[in-house]
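Just so you know, ligand 1 is whichever comes first in the structure, and atom 1 is the first atom listed for that ligand.
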Amino acid sequence: MTQPIDTTIYTTITAAIQAEAQRILSGGDVTAVIGYAAARRKGSVQPIVITDATAADKLIFTPASLNNLALYLTKAKKDIPKKGKIGIIVKGCDLKAIIGLIGESQLKREDLYLIGVPCVGVLASAVQPATTLTSETIAPKCTECNAHLPTGCDYVPDVTLPVEPLQAGKYAAEIARLEALTPAERWAYWKEQFAKCIKCYACRQVCPFCFCEQCLCDRNKPQMVESTPRPAGNTAWHIVRAMHLAGRCSGCAECERVCPMDIPLNLLNRKMAQELKELYDYEAGFEVNDKGPLASYEEKDDQSFIK
Ligand code: SF4
Ligand code: SF4
Ligand code: SF4
């Protein structure tokens, strides 16, 4: 039988973030706090923006706190400086997105008050009936997390994480399985996955790094990527998406979570991240103002690949 993972510290974290949100809102340090609140369905959680200190007790942190809230900063970026400093609850994986967005000049660190949450993991799905976190129900990203304890935040609740969080590496295992296939078998696997895509673009809408006001893939004069869900256009979309996110993706897995067709999008992201680690010893989301190897160019770079 699968043992539950100890998430009792989440109760302590909830009390701590409520107190901190109350303090910074009532003191005028921030104009709003973006966090998680209980949703209508028992055990589920939804994003919330609170602007009043009296509402701080609505904030919670549980294994169902799935959303990467950095998305709301991307969408609100133009209004943040006008409205004042924003507080935001961040898990370690979400913090990587914020660090990336600061590096890409989408956000300013001084406009944010980061409330980091120590995190042993979250559930794989918001709709699964299980509310207990186990090695079966945990999100695959959490099995290979290297950011359980966010660093560089303005406030982090003082709790001790249960030692030895899971490190089973579900993506790494799946990448290894695919790499053991022949190229033809691997291509057949991805063709089958891409064929399922209905081009709803939920993966793009939920990604904090898809912040372009007009996506290249929506252009029709000239059309860059076929917009209807047909095999050639689907493959083009998935390759454009993976390349555009390479070296930037924080691994939050939100794209994969929201995909209605169960396409393993974060598997592609993780493979790209693995390549960047091997080729450039680079890992996204740990350093601000780091352009990343795919955004840097020097004349002396090896160009043999385009011959
Ligand atoms: S990847 Fe790490 S920080 Fe993110 S939800 Fe999982 S355990 Fe928490
Ligand atoms: S591509 Fe997916 S995993 Fe990467 S940052 Fe965007 S939503 Fe998160
Ligand atoms: S969310 Fe899934 S189905 Fe929708 S566009 Fe993205 S990959 Fe395709």
Trainee: Number the atoms of ligand 1 from 1 as they appear, then name those within less than 4.0 Å of a heavy atom of K91, with their elements.
Mentor: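 In order of numbering, the contacting atoms are 5 (S).
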Trainee: Under a 3.5 Å distance rule, please check whether Q18 uses its side chain to pair with a backbone N or O of D57 as donor and acceptor.
Mentor: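 Side chain of Q18 to backbone of D57: a pair is present.
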Trainee: Short list, please: which atoms of ligand 2 are under 4.0 Å from a heavy atom of N269?
Mentor: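 Result: 1 (S), 2 (Fe), 3 (S), 4 (Fe).
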Trainee: Just to be sure I'm reading this right: ignoring hydrogens, which of S250, A273, A70 gets closest to atom 5 (S) of ligand 2? Compare them by their nearest heavy atoms.
Mentor: S250
Trainee: Can you list the ligand 1 atoms lying under 4.0 Å from a non-hydrogen atom of C119?
Mentor: 3 (S), 5 (S), 7 (S), 8 (Fe)
Trainee: Which bit of N266 gets closer than 4.0 Å to ligand 2, counting heavy atoms only: side chain, backbone, both or neither?
Mentor: side chain
Trainee: Once you restrict to heavy atoms under 4.0 Å, what part of A253 touches ligand 2? Side chain, backbone, both or neither.
Mentor: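 For A253, only backbone atoms sit under 4.0 Å from ligand 2.
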Trainee: For M261, counting its heavy atoms only, list the atoms of ligand 3 lying under 4.0 Å from any of them.
Mentor: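 Once the distances to M261 are compared, the set is 3 (S).
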Trainee: Looking at every heavy atom in both S65 and K91, which two are closest together, and how far apart are they?
Mentor: O-NZ, 3.1 Å
Trainee: Among protein heavy atoms, which lies nearest atom 7 (S) of ligand 2, and at what distance?
Mentor: C255 N, 3.4 Å
Trainee: Any sub-3.5 Å donor-acceptor pair from T228's side-chain atoms to R230's backbone N or O?
Mentor: no
Trainee: With a 4.5 Å cut-off on side-chain heavy atoms, are F209 and Q106 touching?
Mentor: no
Trainee: Do side-chain atoms of T143 reach the backbone of K170 as a donor and acceptor pair under 3.5 angstrom?
Mentor: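 Present.
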Trainee: To the closest 0.5 Å, what do you measure between NZ (K85) and CG (D111)?
Mentor: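 Rounded to the nearest 0.5 Å, the NZ-CG separation comes out at 8.0 Å.
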Trainee: I need the atoms of ligand 1 closer than 4.0 Å to a non-hydrogen atom of C145, numbered in the order shown.
Mentor: 1 (S), 2 (Fe), 3 (S), 7 (S)
Trainee: If we ignore angles and hydrogens, is there a donor and acceptor under 3.5 Å between the side chains of N269 and R241?
Mentor: yes
Trainee: Distance to 0.1 Å, residue and atom name: give those for the protein heavy atom nearest to atom 8 (Fe) of ligand 3.
Mentor: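 Protein heavy atom at minimum distance: C197 SG, 2.3 Å.
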Trainee: Answer side chain, backbone, both or neither: which part of V120 comes under 4.0 Å from ligand 1, heavy atoms only.
Mentor: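 The answer is the backbone of V120.
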Trainee: Do the side chains of V90 and L69 get nearer than 4.5 Å, heavy atoms only?
Mentor: no
Trainee: Any side-chain heavy atom of L123 sitting closer than 4.5 Å to one from T62?
Mentor: no
Trainee: Would you say that Q193 contacts L268 through its side chain, given a criterion of any heavy-atom pair below 4.5 Å between the two side chains?
Mentor: no
Trainee: In a check of side-chain hydrogen bond (donor to acceptor under 3.5 Å, both in side chains) between Y171 and each of K141, R270, E256, which one passes?
Mentor: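 With Y171 as partner, K141, R270, E256 yield a single side-chain hydrogen bond (donor to acceptor under 3.5 Å, both in side chains), made by E256.
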Trainee: Under 4.0 Å from a heavy atom of F209: give me the atoms of ligand 2 that qualify, with their elements.
Mentor: 5 (S)
Trainee: Using a strict 4.0 Å cut-off to heavy atoms of Y201, name the atoms of ligand 3 that fall inside it.
Mentor: 4 (Fe), 5 (S)
Trainee: How close does the nearest protein non-hydrogen atom get to atom 4 (Fe) of ligand 3, and which residue and atom is it?
Mentor: C200 SG, 2.3 Å
Trainee: Could you identify the single nearest non-hydrogen protein atom to atom 3 (S) of ligand 3 and state the distance to 0.1 Å?
Mentor: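 The closest one turns out to be I198 N, 3.5 Å.
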Trainee: Should you measure from each heavy atom of C207, which atoms of ligand 2 turn up under 4.0 Å away?
Mentor: 1 (S), 5 (S), 6 (Fe), 7 (S)
Trainee: How does H238 reach ligand 3, by side chain, by backbone, by both or by neither, if only non-hydrogen atoms under 4.0 Å count?
Mentor: side chain
Trainee: I need the contact type for R241 against ligand 2. Using non-hydrogen atoms and a strict under-4.0 Å cut-off, is it side chain, backbone, both or neither?
Mentor: side chain
Trainee: Give the atom numbers and elements of ligand 1 that come within less than 4.0 Å of a heavy atom of H148.
Mentor: 7 (S)
Trainee: I'd like to check which ligand 3 atoms, numbered from 1 as shown, lie under 4.0 Å from a non-hydrogen atom of K199.
Mentor: 5 (S), 8 (Fe)
Trainee: Under 4.0 angstrom from ligand 1, any heavy atom of A147?
Mentor: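 Checking ligand 1 against A147, which is what was asked, there is a heavy-atom contact under 4.0 Å.
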Trainee: Distance check, rounded to the nearest 0.5 Å: I34 atom CD1 versus I88 atom CD1?
Mentor: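 Output value for this atom pair is 4.5 Å.
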Trainee: Could you tell me, atom by atom, which parts of ligand 1 come under 4.0 Å of a heavy atom of V122?
Mentor: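 Those atoms are 5 (S).
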Trainee: With distance as the sole test, does E254 use its side chain to make a donor-acceptor pair with the main-chain N or O of N68 at under 3.5 Å?
Mentor: yes
Trainee: Test the R204-Y201 pair against the cation-pi criterion, namely NZ or CZ under 6.0 angstrom from the six-membered ring centroid and within 45° of the ring axis.
Mentor: yes
Trainee: Enumerate the atoms of ligand 1 whose separation from the nearest heavy atom of G121 is less than 4.0 angstrom.
Mentor: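 Those of ligand 1 that fall under 4.0 Å from G121 are 7 (S).
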Trainee: How far is atom 2 (Fe) of ligand 3 from its nearest protein heavy atom, and which residue and atom name does that atom have?
Mentor: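 Checked against all protein heavy atoms, atom 2 (Fe) of ligand 3 sits closest to C259 SG, 2.4 Å.
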Trainee: Does C93 bring an N, O or S atom to under 2.8 Å of atom 4 (Fe) of ligand 1?
Mentor: yes
Trainee: If we only count heavy atoms from C-beta on, is the L276 to E283 side-chain gap below 4.5 Å?
Mentor: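 No, too far: nothing below the 4.5 Å cut-off.
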Trainee: Quick test of your reading of the structure: of C203, P229, P260, whose heavy atom lies closest to atom 6 (Fe) of ligand 3?
Mentor: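 The residue whose heavy atom sits nearest atom 6 (Fe) of ligand 3 is C203.
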Trainee: Show me which atoms of ligand 2 lie under 4.0 Å from any heavy atom of L245.
Mentor: 1 (S)
Trainee: How are the rings of H238 and F194 set relative to one another: parallel (under 30°), tilted (30 to 60°) or perpendicular (over 60°)?
Mentor: parallel
Trainee: Quick check: does C249 have an N/O/S atom under 2.8 Å of atom 4 (Fe) of ligand 2?
Mentor: yes
